[in-house]
Amino acid sequence: MIVFFFLMIALVVVVAAVTLAVIGGGSEAVLPEAEPDRVADGLPETRPVTRADVDALRLPVAPRGYRMAEVDDVLERLAAELAERDARIAQLTAGAAAAAGAPADAPVDLVKRGDA
């Protein structure tokens, strides 16, 4: 009978200790609020993306991999940068072909050789 009372008292003490630990035992929070994971140093908004920007980029990890919204944002930005560069390259190639008197769709050798 004494063992039963001892076990009941121990159970009440353990339940009270766990309850106080969960509640926090006061007005202060036990743990500070966690900041949501976001790309801290994302791709630059004020200039074109460089290789170093992509190399330095670290995407935040979620419980089951990467955060899809963050990865989608980065991929959309990179796709826009690549499309803009492709359009600029096509424009420069067409301009160089026109200056050389070649058809616009003909390949242009933009590197001058010293053997000419």
Side-chain angles (χ1 to χ4, degrees):
M1 187 79 160
I2 294 177
V3 174
F4 176 74
F5 286 120
F6 176 74
L7 288 177
M8 289 302 291
I9 292 172
L11 180 64
V12 168
V13 169
V14 169
V15 169
V18 169
T19 303
L20 285 176
V22 170
I23 293 175
S27 61
E28 292 184 26
V30 176
L31 297 175
E33 290 295 321
E35 294 288 327
D37 282 343
R38 297 285 178 241
V39 176
D41 295 322
L43 298 175
E45 296 291 330
T46 58
R47 62 177 171 78
V49 176
T50 64
R51 169 72 189 254
D53 295 329
V54 176
D55 288 342
L57 182 67
R58 296 293 173 256
L59 297 170
V61 179
R64 289 194 279 166
Y66 290 99
R67 295 183 182 274
M68 289 189 292
E70 298 290 329
V71 174
D72 289 345
D73 290 344
V74 168
L75 290 176
E76 286 175 15
R77 174 70 191 278
L78 288 174
E81 290 277 341
L82 288 174
E84 182 178 319
R85 289 181 186 178
D86 288 345
R88 180 74 174 141
I89 289 170
Q91 180 185 24
L92 293 172
T93 303
D105 59 348
V108 176
D109 186 14
L110 297 177
V111 178
K112 293 187 178 184
R113 296 186 181 161
D115 59 350

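If you read the sequence from its start, that first residue is 1, and numbering goes on from there. Hydrogens, waters and symmetry mates play no part in the numbers below; they use all other heavy atoms, side chains included.
Side-chain heavy-atom separations under 4.5 angstrom define the hydrophobic clusters, and the remaining members of the one that includes V15 are L11. The hydrophobic side chain of F6 is isolated, with no ILVMFWY side chain under 4.5 Å apart from it. The hydrophobic cluster analysis finds V12 isolated: no Ile, Leu, Val, Met, Phe, Trp or Tyr side chain comes under 4.5 Å of it, directly or through other members.
In this structure R77 satisfies the salt bridge (charged side-chain N to carboxylate O under 4.0 Å, His left out) test together with E45, E81, sequence neighbours excluded. Remark: D86 engages no residue in a side chain to side chain donor-acceptor pair (under 3.5 Å) (not counting sequence neighbours). R51 meets the side-chain contact (heavy atoms from CB on, under 4.5 Å) test with D55; sequence neighbours excluded. Judged as a side-chain contact (heavy atoms from CB on, under 4.5 Å), and not counting sequence neighbours, the contacts of L78 are L43, V49, V54, V74. E76 meets the salt bridge (charged side-chain N to carboxylate O under 4.0 Å, His left out) test with no other residue; sequence neighbours excluded.
Side-chain contact between P48 and R85 is present, with at least one heavy-atom pair separated by less than 4.5 Å.
Taken to the nearest 0.5 Å, the OG1 atom of T93 stands 10.5 Å off from the CZ atom of R88.
Without hydrogens or angle criteria, D53 side chain to T50 main chain gives a donor-acceptor distance under 3.5 Å.
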